[in-house]
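Ligands are counted one by one from 1 in listed order, and the atoms in each one are counted from 1 as well.
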Amino acid sequence: MGKLDGRVVLITGAARGQGEQEARLFAEEGAKVVLADILDEQGSAVAKELGPDAAAYVHLDVGEEADWAAAVAAAAETFGSLDGLVNNAGILRCNQLTDTSRQEFAEVCRVNQLGAFLGMRAVTPGLAAAGGGTIVNTSSYAALAGMPFLTSYAASKAAVLAMTRVAALELAGRGIRVNAMCPGAVDTPMTDPAVLDPSADPSADPGRAAEAAAAAAAFYRKAVPLGRIGRPEEVARLALFLTADDSSYVTGQHFVVDGGWLAGVPLPVS
Ligand SMILES: NC(=O)c1ccc[n+]([C@@H]2O[C@H](COP(=O)([O-])OP(=O)(O)OC[C@H]3O[C@@H](n4cnc5c(N)ncnc54)[C@H](O)[C@@H]3O)[C@@H](O)[C@H]2O)c1
């Protein structure tokens, strides 16, 4: 018996990173998974690997209302109903406050904040009709602690936490639980040191990319009590807990999965 037998769950940003691992784990646990993303080739390939009985891929730009309507309809058409959503899609832009353009701020909020709102709103009627369900929103440690260069990202992720609490209160009566995850640093394309430093071109200078990776690993060893960056599978297991009946009495909460980063100052202890 899987923890998600009989469930149909839509996961956004499922072509790679945490969303991909969530899709793989949920399918393993018996769910029918609708993988949604804008990276159509990668997303379709993951769905194909999981097989047509377990997974389907839909193109969904989370900031577009019409895409949400089509994705929810496709989920119902393919698997009969929809009773779970993981709002995972997100983008990161790193710039100091004074270097952040209005356009960049708006785009980060369009994907991370508006996307989560549109998703919760689009799936609610179906989840209620299915007799209840679950919504898991992906926030970030950046919603809980300040970090330079993250004005737009932190703002959008704090909004996700605020919406999670409001939605949980409004939807509890319809049997829908809404919770949020706050990952720390997780090893996905989003945190690739070569990508985080836009001045670096890894193909032009592989040595520099290796240097950046080593510097990042040294930083996590020092800053994170557990001494390393997280793995996307470790976030997927939290998403599973919040989607499965294991968390049947949990709603309106956020859960930090960060190797202890936010717990305090990791002074050396012998
Ligand atoms: N990696 C980290 O350290 C970290 C930490 C905290 C929170 N998060 C959050 O976790 C989530 C997953 O990120 P990840 O680390 O797997 O990064 P990632 O970049 O590997 O994956 C993000 C996915 O979202 C998709 N996406 C981007 N814009 C989209 C849009 N408009 N519509 C639909 N899909 C879109 C991308 O194509 C990609 O598949 C994000 O919400 C991110 O903000 C990540």
Side-chain angles (χ1 to χ4, degrees), residues 10-25 34-47 57-68 70-71 85-94 104 106-119 122 135-145 147 149-150 152-161 163-164 180-196 216-217 219-220 223-224 228-239 242 254-259 261-262:
L10 191 153
I11 302 174
T12 66
R16 69 180 194 199
Q18 295 171 44
E20 177 187 349
Q21 294 309 318
E22 286 156 2
R24 290 182 183 281
L25 180 61
V34 180
L35 296 93
D37 209 300
I38 49 175
L39 297 176
D40 297 333
E41 214 172 294
Q42 269 173 272
S44 304
V46 178
Y57 176 78
V58 291
H59 175 90
L60 165 64
D61 179 336
V62 293
E64 297 299 322
E65 233 171 330
D67 281 11
W68 271 109
L85 168 67
V86 181
N87 266 325
N88 162 78
I91 58 172
L92 172 69
R93 299 287 181 272
C94 300
E104 181 175 294
E107 179 58 8
V108 170
C109 290
R110 186 187 80 86
V111 176
N112 297 358
Q113 177 176 345
L114 178 68
F117 157 69
L118 291 177
I135 298 174
V136 178
N137 291 323
T138 308
S139 178
S140 168
Y141 69 99
L144 302 169
M147 184 176 277
F149 310 109
L150 296 189
S152 56
Y153 186 77
S156 68
K157 293 299 188 178
V160 168
L161 283 191
M163 290 192 290
T164 297
M181 306 188 293
C182 294
V186 182
D187 190 11
T188 67
M190 184 178 278
T191 51
D192 182 340
V195 176
L196 286 178
F219 171 76
Y220 294 129
V224 179
R228 62 171 173 84
I229 194 169
R231 294 186 284 271
E233 298 87 334
E234 293 173 311
V235 179
R237 288 201 291 272
L238 177 58
L242 294 173
H254 65 269
F255 296 82
V256 177
V257 48
D258 72 343
W261 200 353
L262 281 179

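The Leu39 neighbourhood of ligand 1 comprises atoms 37 (O), 39 (O), with distances under 4.0 Å to a heavy atom of that residue. Which parts of ligand 1 touch Thr138 is read off a 4.0 Å heavy-atom cut-off, strictly below it: atoms 9 (C), 10 (O), 11 (C), 41 (O). Residue Pro189 has at least one heavy-atom neighbour below 4.0 Å for each of these atoms of ligand 1: 20 (O). Ligand-side atoms of ligand 1 in range of Gly90: 22 (C), 24 (O), 27 (C), 40 (C), 41 (O), range being under 4.0 angstrom from any heavy atom. For ligand 1, the atoms lying closer than 4.0 Å to a non-hydrogen atom of Tyr153 are 6 (C), 7 (C), 8 (N), 9 (C), 42 (C), 43 (O), 44 (C). Proximity to Asn88 (heavy-atom distance under 4.0 Å) selects the following atoms of ligand 1: 11 (C), 12 (C), 40 (C), 41 (O). For ligand 1, the atoms sitting less than 4.0 Å from at least one non-hydrogen atom of Val111 are 28 (N), 31 (N), numbered in the order shown with element in parentheses. Of all atoms in ligand 1, numbered sequentially from 1 with element shown, those under 4.0 Å from a heavy atom of Gly17 are 16 (O), 20 (O).
Around the OH atom of Tyr141, the shell of radius 6.0 Å holds more than 12 heavy atoms that belong to other residues, nucleotides or ligands.
Contacts of Val62 with ligand 1, taken as heavy-atom pairs under 4.0 Å, involve both backbone and side chain. Contacts between Leu60 and ligand 1, counted as non-hydrogen atom pairs separated by less than 4.0 Å, involve the backbone only. Using a 4.0 Å cut-off between heavy atoms, Asp61 contacts ligand 1 through both its backbone and its side chain.
Look at Thr12 and you'll find every heavy atom at least 4.0 Å from all atoms of ligand 1. Note on ligand 1: Thr191 sits in its first shell, one or more heavy atoms being nearer than 4.0 Å. For the pair Gly184 and ligand 1, a heavy-atom separation below 4.0 Å is found. Residue contacts with ligand 1 include Ser139, since one or more of its heavy atoms lies under 4.0 Å from the ligand. The shortest heavy-atom distance from Gln42 to ligand 1 is not under 4.0 Å. Judged by the shortest distance from any of its heavy atoms, Ala185 lies inside the 4.0 Å radius around the atoms of ligand 1.
Atom CG of residue Leu39 and atom OG of residue Ser44 lie 10.0 Å apart, to the nearest 0.5 angstrom. We find the CG-CG distance between Asn112 and Asn137 to be 11.5 Å, quoted to the nearest 0.5 Å.
Where the criterion is an N or O separation shorter than 3.5 Å, residue side chain and backbone included, Ser140 fails it with respect to ligand 1. Checking only distances, Asn112 never comes within under 3.5 Å of ligand 1, N or O to N or O. The shortest N/O to N/O separation between Gln18 and ligand 1 falls below 3.5 Å. Residue-to-ligand polar distances place Val186 within reach of ligand 1: an N/O pair is separated by less than 3.5 Å.
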Stepwise side-chain contact (heavy atoms from CB on, under 4.5 Å) check, Phe255 with Val136: CA-CA 11 Å; Phe255 296 82; Val136 178; over 6 Å; no
Trace of the side-chain contact (heavy atoms from CB on, under 4.5 Å) decision for Gln18 with Val186: CA-CA 8 Å; Gln18 295 171 44; Val186 182; 3.7 Å; yes
Working for salt bridge (Lys or Arg N to Asp or Glu O under 4.0 Å), residues Arg237 and Glu233: CA-CA 6 Å; Arg237 288 201 291 272; Glu233 298 87 334; over 6 Å; no
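When all heavy atoms are compared, the tightest approach of Met163 to Gln113 is CE-O, 3.4 Å. Considering all non-hydrogen atoms of both residues, Met181 and Leu242 come closest at CG-CD1, 3.9 Å. Of all heavy-atom pairs spanning Asp37 and Ala14, the tightest one is OD2-N, 3.2 Å.
The option from Leu92, Asp37, Val46, Leu35 that lies nearest to atom 25 (C) of ligand 1, judged by heavy atoms, is Asp37. The closest non-hydrogen atom to atom 14 (P) of ligand 1, taken over Ile91, Asp258, Asp67, Thr188, comes from Thr188.
When each of Glu65, Glu64, Glu104 is tested with Arg110 by the rule salt bridge (charged side-chain N to carboxylate O under 4.0 Å, His left out), just one qualifies, namely Glu64.
In terms of protein heavy atoms, atom 35 (C) of ligand 1 is closest to Ala89 CB, 3.7 Å.
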